[in-house]
A.B. asks: 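Before I ask anything, here is the structure I am working with.
What you see is a predicted model; the values in this text were computed from it and never measured. Letters go in sequence order (proteins before strands), and every chain restarts at 1. Side chains are part of it too, since the values below use all heavy atoms of this structure and drop only hydrogens, waters and symmetry mates.
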Amino acid sequence: MSNTSSLDQSTHWADIHAARIVRERGPKPHYTCASGITPSGTIHIGNFREIISVDLVARALRDRGETARFIYSWDDYDVFRKVPGNIPDAEQFTRYLRWPIVRVPDPWHKQSSYARANEVELESVLPELGVRPHYIYQAEQYQNSVYADGIRTALEQRETIRGLLNQHRTQPLPQHWWPISVFSSFSGKDTTTVIDWDGQWSVRYRCDETGNEEALDLRTTGAVKLLWRIDWPMRWKHEDVDFEPAGKEHHSAGGSFDTARTIAEQVYHQQPPVTFKYDFISIKGSGGKISSSSGEVVSVRDVLEVYQPEVVRHLFAGTRPNAEFAISFDLDVIKIYEDYDKCERIYFGLEDVGEKRRLKEARIYELSQVDSVPAQAPLQIPFRHFCNLLQISAGDIDRVIDAFPGTESMVIADRERLRRRGACGWNWIHHHAPQDFRFTLKSGSEPPLALGNAERAAVAALADEVRARLDVHDEKSLAQAIYDIAAAHQIEAREFFRVMYQVLVGKDQGPRLAGFLITLGSERVLQILRSYQTEDGS
RNA sequence: GGGCCGCUAGCUCAGCUGGUAGAGCAACGCCCUUUUAAGGCGUGGGUCUCAGGUUCGAACCCUGAGCGGCUCACCA
């Protein structure tokens, strides 16, 4: 979809917003798409929705021939408000409360700060998803006095801002209110009181803890920060932001986006960015391993353990941002993969659907790619089948891929995607799949099960059948042979299946038997059954 | 109190720049006795919450009502 006319007709939400940005902001040499968050904890999959939404819209802009930059603001100059439950030595960390998080040490002693630890966790995972924003670190910006003019403007317009904010407050802001907060040079905390501003660049404050007073010059200090509701519109002005979505908690009348919008217009004379509201993400079926109820959050990395990157993108590209949805770790995972594979088949014309549907799915497929769209339809190994093959092969991903028909001629990129899918499948089996789904193949070296004579004879007969004719059977004829053997030994078919699953995988149930035996191949089947063959039942 | 969103098959939802209702699961049936939350094929099932309006035509647009739900009004 390189030509603009087809994108103009696109009904995909990312294209619709891209078109809106160009229309409302007018022609520009480049458009700025923004997002950001306070790195006060692990960036979870709900936060990721904003990031991927911006990435998709930025891509949609580029696809229609515009230049788009994606800036991601880490608000690491925000204060440390409470000690998270998941960090070691939580008690020790209470001493850092009210410090900027960029100065709170990394509890895991790997990064320069707690903020940096959270930043690195996300920054290291985004490239795998094809998301590469330009990061802006607010601590650095403030400490270098980059926003001195913006802060001064807010001080000059203090009463205007107060009036705008009071419109939605139950309690009006107090008389001594200022649109800034100050980090004390004496305590390091933001527990300070602004005393005065000289109308120019000098702000005088008192440290609440030590009682010390000090005057700061906005042009050289790094200690003065705008309050959130003013900081946001100031940055829209500073970066000339054209587009920034926000969560629904910001998007009510009187919410922070609403007040930021009026402050941008009236104080900073900046047209507020095009925006939309995105809904929350919930989690389903985490199998007890990761659940929000236990206080643990689901990180982007956690999702990538189970979903390959294209499928993660597909999840978000294929869902309207204002609809809530659940990320599933249960049996739904299979369907999510099947949906992606189906979308891929539709893109490559391997599956017939109506024209309208085709265009939509094709666009979703494009936006789901980490890099570019594959030149030709990649070989698909369905997720469920992949999981079964992996269990047969003890998790040897390359062996499964090599044994799969058609993989010899595969290009490297396709193979890498399959390997990634295999790794996800293996993780899913071990951490999330229902017990019924899991099995471990017997090796044949275990002591044989104690079976009745008829059962043992039937197993031996099936071994004979496998040895003699497995390669000429198809699934159906082998299934028939299995029933025949059961009947010949006067065993209920149901019981014979149970025995065979016990012999093969030590459970009462397993993958459909005939297909399972064919997949295993005669050599492995006979290996497992060898202790039953040597009995004198023949 | 302000703002926003939803209401479509038994369940979960898709369909929303208006063109005679779709998918998955469930149900039912068939695939030579045919196990399984792990095979294939097929079938049934919906006055699209209600009432008006615009239109040749409305699940979709407008107005109003009912019932979920979310969010802001403290901080960010």
A.B. asks: Would you measure the distance from the C1' atom in B/C28 across to the matching atom in B/C56 and give it in whole Å?
C.D. replies: 41 Å
A.B. asks: Would you indicate which nucleotide in B/A14, B/G15, B/U17 comes nearest to any side-chain atom of A/R320?
C.D. replies: B/G15
A.B. asks: Quick one: A/Y278 OH to B/G6 P, roughly how many Å, whole number?
C.D. replies: 19 Å
A.B. asks: Between B/G22 and B/C67, how far apart are the two C1' atoms, rounded to whole Å?
C.D. replies: 26 Å
A.B. asks: Is it the case that A/T275 and A/H251 place a side-chain donor and acceptor less than 3.5 Å from each other?
C.D. replies: yes
A.B. asks: Anything under 30° is parallel, anything over 60° is perpendicular, the rest tilted; go ahead and classify A/F276 against A/W13.
C.D. replies: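 It falls in the perpendicular class, over 60°.
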A.B. asks: On a whole-Å scale, what distance lies between the C1' atoms belonging to B/C16 and B/A21?
C.D. replies: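 After rounding to an integer number of Å, I get 14 Å for this pair.
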A.B. asks: Taking NZ from A/K360 and P from B/G22, how many angstroms apart are they, rounded to a whole number?
C.D. replies: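 Going from A/K360 (NZ) to B/G22 (P), I get 17 Å.
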A.B. asks: Provide the distance between the two P atoms, one in B/U12 and one in B/U33, to the nearest whole Å.
C.D. replies: 39 Å
A.B. asks: Restricting to non-hydrogen atoms, name the atom on A/V224 and the atom on A/I151 that form the minimum distance, rounded to 0.1 Å.
C.D. replies: O-CD1, 3.6 Å
A.B. asks: Nearest whole Å is fine: how far is B/A14 P from A/F325 CZ?
C.D. replies: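 After rounding, the reported distance stands at 12 Å.
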A.B. asks: Give the B/S/- string for nucleotides 69-76 of chain B, one per nucleotide from 5' to 3', where a protein heavy atom under 4.0 Å of the base yields B, of only the sugar-phosphate yields S, and otherwise -.
C.D. replies: -SBSSSSB
A.B. asks: Tabulate protein N/O versus nucleotide N/O from nucleotides 29-38 of chain B, keeping only pairs under 3.5 Å, one per line.
C.D. replies:
| from | atom 1 | to | atom 2 | distance (Å) |
| --- | --- | --- | --- | --- |
| B/U34 | O4' | A/Y483 | OH | 2.8 |
| B/U34 | O4 | A/Q480 | OE1 | 3.2 |
| B/U35 | OP2 | A/R512 | NH2 | 3.1 |
| B/U35 | N3 | A/Y501 | OH | 3.1 |
| B/U35 | O4 | A/Y501 | OH | 2.8 |
| B/U35 | O4 | A/L513 | N | 2.9 |
| B/U36 | O2 | A/G510 | O | 2.4 |
| B/U36 | N3 | A/G510 | O | 3.3 |
| B/U36 | O4 | A/R512 | NE | 2.8 |
| B/A37 | OP1 | A/D436 | OD2 | 3.4 |
| B/A38 | O4' | A/R384 | NH1 | 3.4 |
| B/A38 | O3' | A/R384 | NH1 | 2.8 |
| B/A38 | N6 | A/D436 | O | 3.3 |
| B/A38 | N1 | A/D436 | O | 3.2 |

A.B. asks: With 3.5 Å as the limit, what N/O pairs link the protein to nucleotides 24-27 of chain B?
C.D. replies:
none

A.B. asks: Taking for each residue the nucleotide of RNA chain B with the nearest heavy atom, is it A/K277 or A/E324 whose nucleotide lies nearer the 5' end?
C.D. replies: A/K277
A.B. asks: Is the base of B/G22 syn or anti, where syn means the angle lies within 90° of 0?
C.D. replies: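 This nucleotide is in anti.
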A.B. asks: Taking C-beta and beyond as the side chain, do A/W178 and A/R158 meet within less than 4.5 Å on heavy atoms?
C.D. replies: yes
A.B. asks: Just checking A/Y340 against A/F383, ring centres under 6.0 Å apart?
C.D. replies: no
A.B. asks: When you compare the side chains of A/Y77 and A/E140, does any donor N or O come within less than 3.5 Å of an acceptor on the partner?
C.D. replies: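 No.
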A.B. asks: Taking the six-membered ring for Trp, are A/Y501 and A/F516 closer than 6.0 Å centroid to centroid?
C.D. replies: no
A.B. asks: Distance between the P atoms of B/U71 and B/G66, in whole angstroms?
C.D. replies: 23 Å
A.B. asks: Touch check for A/R357, heavy atoms < 4.0 angstrom, all strands: base, sugar-phosphate only, or nothing?
C.D. replies: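 It contacts nothing in the nucleic acid.
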A.B. asks: Find the distance A/L478:CG to B/G40:P and express it as a whole number of Å.
C.D. replies: 18 Å
A.B. asks: If you look at every strand shown and take non-hydrogen atoms under 4.0 Å, does A/T11 touch a base, only sugar-phosphate, or nothing?
C.D. replies: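 A/T11: base contact, heavy atoms under 4.0 Å.
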A.B. asks: Using atom CD1 of A/I336 as one end and atom P of B/U12 as the other, report the distance to the nearest whole Å.
C.D. replies: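 Going from CD1 in A/I336 over to P in B/U12 covers 16 Å.
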A.B. asks: Please examine the side chains of A/Q266 and A/L164, heavy atoms only from C-beta on, and report whether any two atoms are closer than 4.5 Å.
C.D. replies: yes
A.B. asks: Going by salt bridge (charged side-chain N to carboxylate O under 4.0 Å, His left out), name the residues that satisfy it together with A/R399, two or more places apart in sequence or in a different chain.
C.D. replies: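 Checked A/R399 against salt bridge (charged side-chain N to carboxylate O under 4.0 Å, His left out); zero matches.
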A.B. asks: Mind listing the closest non-hydrogen atom pair of A/P39 and A/D75 along with its distance?
C.D. replies: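 Where A/P39 meets A/D75 most closely, the heavy atoms are CD-O, 3.5 Å.
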A.B. asks: Write down the distance separating the P atoms in B/G69 and B/C7, rounded off to the nearest Å.
C.D. replies: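 Each nucleotide's P atom is 15 Å from the other's.
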A.B. asks: Identify the residue among A/H17, A/E244, A/R20 that makes a side chain to side chain contact (heavy atoms under 4.5 Å, CB included) with A/V57.
C.D. replies: A/H17
A.B. asks: Would you say the rings of A/W232 and A/F257 are close, in the sense that their centroids are separated by under 6.0 Å?
C.D. replies: yes
A.B. asks: Reading RNA chain B 5' to 3', how would its secondary structure be written in dot-bracket notation, given Watson-Crick and G-U pairs with both distances under 3.5 Å, brackets [ ] for crossing pairs and | for partners on other strands?
C.D. replies: ((((.(((.[[[[.)...(..]]]].(((((.......))))).....[[[[[..)....]]]]])).))))....
A.B. asks: A/L97 and side chain to side chain contact (heavy atoms under 4.5 Å, CB included): which single residue from A/T191, A/V83, A/V104, A/V79 fits?
C.D. replies: A/V83
A.B. asks: In whole Å, measure the gap between the C1' atoms of B/A37 and B/G1 for me.
C.D. replies: 48 Å
A.B. asks: With sequence neighbours excluded, tell me which residues meet salt bridge (charged side-chain N to carboxylate O under 4.0 Å, His left out) with A/R498.
C.D. replies: A/E495, A/D508
A.B. asks: If I take atom CD in residue A/E361 and atom C1' in nucleotide B/G15, what distance separates them, rounded to the nearest angstrom?
C.D. replies: 12 Å
A.B. asks: Within 45 degrees of the ring normal and closer than 6.0 Å to the centroid, is that where the cationic atom of A/K225 sits relative to A/F183?
C.D. replies: no
A.B. asks: Between B/G52 and B/A14, how far is it from one C1' atom to the other, in whole Å?
C.D. replies: 28 Å
A.B. asks: Nearest-Å distance, CG (A/D332) to P (B/C11)?
C.D. replies: 18 Å
A.B. asks: Measure the distance from OH on A/Y340 to P on B/A23 and round it to the nearest whole Å.
C.D. replies: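 After rounding, the reported distance stands at 23 Å.
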